[in-house]
Amino acid sequence: MTESEQPSVPLSVLLADPALGLRQVAGPAGVHRVSTVGTTEIEDPTPYLVGGELLLTAGVRLPRDADGIDTYVRQVVAAGVSALGFGVAPVHEEVPQELIAACDRHGLPLLRLPPATPFVAVGQAAYAAIAEARNRELREISRAQSALATAAARPDALQAVLDRLSAHTGAWAVLYDAQGNELFSAGPRPASPTPERVRDLAVRTTARVRTGPAGRSAPAAAADHQGGTHLTVHTLPGADGTTTTPALGQAATTAPTLVHRQVTSTATVLLALLTSPRHALGTDTHSAGALVRLMLGATPADVAPALVPADKRSAGHWIVVHGRHTPPRSTPAPHPGDAPAQLATLGTALGTPYLYVDGSELKALVPSAADARPEAPAQAADLGWVLGFSTPAPASDLPHADRQAERALQRAIAAQAPAAVHTRDPLTVHGLVPPADARDLARTRFAPLDQAGAPGASVLLDTLRTWLTLHGSWDRTAAALHVHRNTVRHRLARVGELLDVDLQDPGVRMELWFALQWLPGESGE
């Protein structure tokens, strides 16, 4: 963290606090900021200073002559002290005039602390003000990030993200291609020659990325200052190749703050997701906006309607796919530059452009006919992916399909199979019980888990489901849930206690298994 990014507050905040009673008696009024408060009574405190301090002293070891006081002030100013606080009484009845003169001479704000103000009170007030200022910054960053994420899901995502970025930073924002052609811009356009200078900075920065080691690109940033205008450029992370590196340029009349830098960082990532094929496949900006929502945690049910024309949404069906990357240990890790090609191969094999990979996790939406039976492509296993497929579902039923896909993935992982598909045979006991009655039965059967105030009822249900799926194997259940086998035993003992059942009874296991399938939100119906 740079010095300018250290949490701090203006000195005026402390001067305005009536409980402290501070009064500035020397030095410029200015915009000095305080990042910490320190107390010292040694003749030369500079070895112990880091800069940005409000340094408090009662003058116990303050030099007695004017030259010594001048040397003291000059040294603390050189060390980066923001202000000096002098506590009157009991050592000095008043702030020494020689100290006032030296602080005026060297431009150091000097505060008078009245006898009734403890040094520790000044520190507490400063840190409380710094914490509140930091909280305000975090709230502002959170609001801006939320607005940017919403903008990224719009059909005009690139323009919308730039609009939000400009609104939150007060800067002119412009997106260039690798040749310096202006693609989109937002905010008041500055007068010439500022736009030309931003473009030149973007071209130089992009060229530096394209000539990186081994031809591989990496994000880069650059800054410049032209008169009263601050210029910054960021190449977009995740761009591949040597001719497609876009860049985000900004021009502002004020220096960027920590909040502005954080907001710009978020916008840069979103713009990269919208323009690069590394993580998301899709050929148009409208689809890219929906995919960004998927990347930001939206469910397939939220995203799918944005991918289907309004006049066809009632007829469209989708298969939800969840995946986990678990390559064999003997398989060498792929080079990062190979990721786009592998994603393209996987997307083609699945038959969808709507695929997103985040590390070892995969989500995909596959357009499907209502009666299709999904199959795992051989390429997925070759690339180290284990997949779980839902049954085809209309957009309105995608929340259930999402859960189906996740459970199918868990079954595939537990069975060490390359894929699993959620299936439901209508000629089973599920088809013999009216759905409404089945759901009521399931609610009643598992109600004691909630009514008894059991912590983590959903954890207990998930443990029970996994244990039953794995035929009562403690070790395989522990491995699937990434917990110790004793934790599994403890959880299931708690389930048996709350439900008042013997889990070793096969009939009880069968009953609970069917009830789990009927539990609302669990069956996928």
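Here the side chain of T268 pairs no donor or acceptor atom with the backbone of L236 at under 3.5 angstrom. Between the side chain of R134 and the backbone N or O of P7, no donor-acceptor pair lies under 3.5 Å. In this structure a side-chain-to-backbone donor-acceptor pair under 3.5 Å is present from T150 to S146. With hydrogens and angles ignored, the 3.5 Å screen pairs a side-chain donor or acceptor of H92 with a backbone N or O of G59. Proximity of a side-chain donor or acceptor of T71 to a complementary backbone N or O of D67 within less than 3.5 Å is detected. The backbone N or O of L20 lies less than 3.5 Å from a partner atom in the side chain of T117, making a donor-acceptor pair. Judged by distance alone, the side chain of R23 and the main-chain N or O of L111 form no donor-acceptor pair under 3.5 Å. Of the possible polar contacts, one joining the Y127 side chain to the V37 backbone as a donor-acceptor pair under 3.5 Å is found. A distance-only check finds no donor-acceptor pair linking the side chain of T229 to the backbone of H225 [under 3.5 Å]. In this structure a side-chain-to-backbone donor-acceptor pair under 3.5 Å is present from T466 to D462.
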Run Q97 and I100 through side-chain contact (heavy atoms from CB on, under 4.5 Å) and show every step you take. CA-CA 5 Å; Q97 288 299 318; I100 293 175; 3.8 Å; yes
Would you check, one step at a time, whether the test side-chain hydrogen bond (donor to acceptor under 3.5 Å, both in side chains) holds for Q145 with T266? CA-CA 7 Å; Q145 290 175 334; T266 299; 3.0 Å; yes
In sequence, state the C-alpha distance, the side-chain angles, and the governing distance for L271 and H234, and then conclude on side-chain contact (heavy atoms from CB on, under 4.5 Å). CA-CA 11 Å; L271 291 170; H234 299 267; over 6 Å; no
Show your reasoning for whether side-chain contact (heavy atoms from CB on, under 4.5 Å) applies to L183 and L158. CA-CA 9 Å; L183 303 176; L158 292 172; over 6 Å; no
Working note: L62 + Y72, criterion side-chain contact (heavy atoms from CB on, under 4.5 Å); need CA distance, chi angles, decisive distance, verdict. CA-CA 8 Å; L62 187 72; Y72 177 87; 4.2 Å; yes
Step-by-step salt bridge (charged side-chain N to carboxylate O under 4.0 Å, His left out) determination, E406 to R403: CA-CA 5 Å; E406 180 59 28; R403 288 189 287 269; over 6 Å; no
Please test E132 against R136 for salt bridge (charged side-chain N to carboxylate O under 4.0 Å, His left out), starting from the C-alpha separation and ending with a verdict. CA-CA 6 Å; E132 176 56 29; R136 285 196 302 270; 3.7 Å; yes
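Nearest heavy atom pair, residue L409 against residue R324, reads CD1-N, 4.0 Å. Here the shortest heavy-atom pairing between S185 and W172 reads CB-NE1, 3.8 Å. The two residues D70 and R105 make their nearest non-hydrogen contact at OD1-NH2, 2.8 Å. Residues A129 and V13 share a closest heavy-atom pair of CB-CG1, 4.0 Å. Closest heavy-atom contact between P28 and H32: CG-CE1, 3.6 Å. Residues P115 and A89 come closest through the heavy atom pair CG-CB, 4.2 Å.
Atom CG in L22 sits 5.0 Å away from atom CG in L113 (nearest 0.5 Å). Taking CZ of R143 as the reference point, atom CZ of R164 lies at 12.5 Å (rounded to 0.5 Å). The distance from the CD atom of Q75 to the CG atom of L49 is 10.0 Å, given to the nearest 0.5 Å. Between the CG atom of L138 and the CD atom of Q262 there is a distance of 8.5 Å, given to the nearest 0.5 Å. One distance of note links NE2 of H230 with NE2 of H260; it measures 11.5 Å at 0.5 Å rounding. In this structure, L449 CG and R494 CZ are separated by 9.0 Å, a value rounded to the nearest 0.5 Å.
Residues R261 and T257 form no side-chain contact, since every pair of their non-hydrogen atoms from C-beta on lies 4.5 Å or further apart. Proximity of L148 to H168: side-chain heavy atoms (C-beta onward) are nowhere separated by under 4.5 Å. Proximity of T206 to Y176: side-chain heavy atoms (C-beta onward) are nowhere separated by under 4.5 Å. Within the 4.5 Å cutoff, the side chain of Y48 has no heavy atoms near those of the T40 side chain. In this structure, the side chains of F86 and L110 come closer than 4.5 Å at one or more pairs of heavy atoms. A 4.5 Å side-chain heavy-atom check between V81 and L108 finds at least one atom pair inside the cut-off. Counting heavy atoms from C-beta on, the side chains of L11 and R33 never come closer than 4.5 Å. In this structure the side chain of L248 reaches within 4.5 angstrom of the side chain of L162, judged on heavy atoms.
Relative ring orientation between W385 and H325 is described as tilted, the plane-to-plane angle lying within the 30° to 60° band.
A side-chain donor from one of D402 and H322 sits under 3.5 Å from a side-chain acceptor of the other.
Judged as a side chain to side chain donor-acceptor pair (under 3.5 Å), the pairs with a partner in residues 49-63 (not counting sequence neighbours) are, in order, E41-T57, E43-R61. Counting only residues at least two apart or on different chains, the salt bridge (Lys or Arg N to Asp or Glu O under 4.0 Å) pairs with a member in residues 86-104 are E94-R112.
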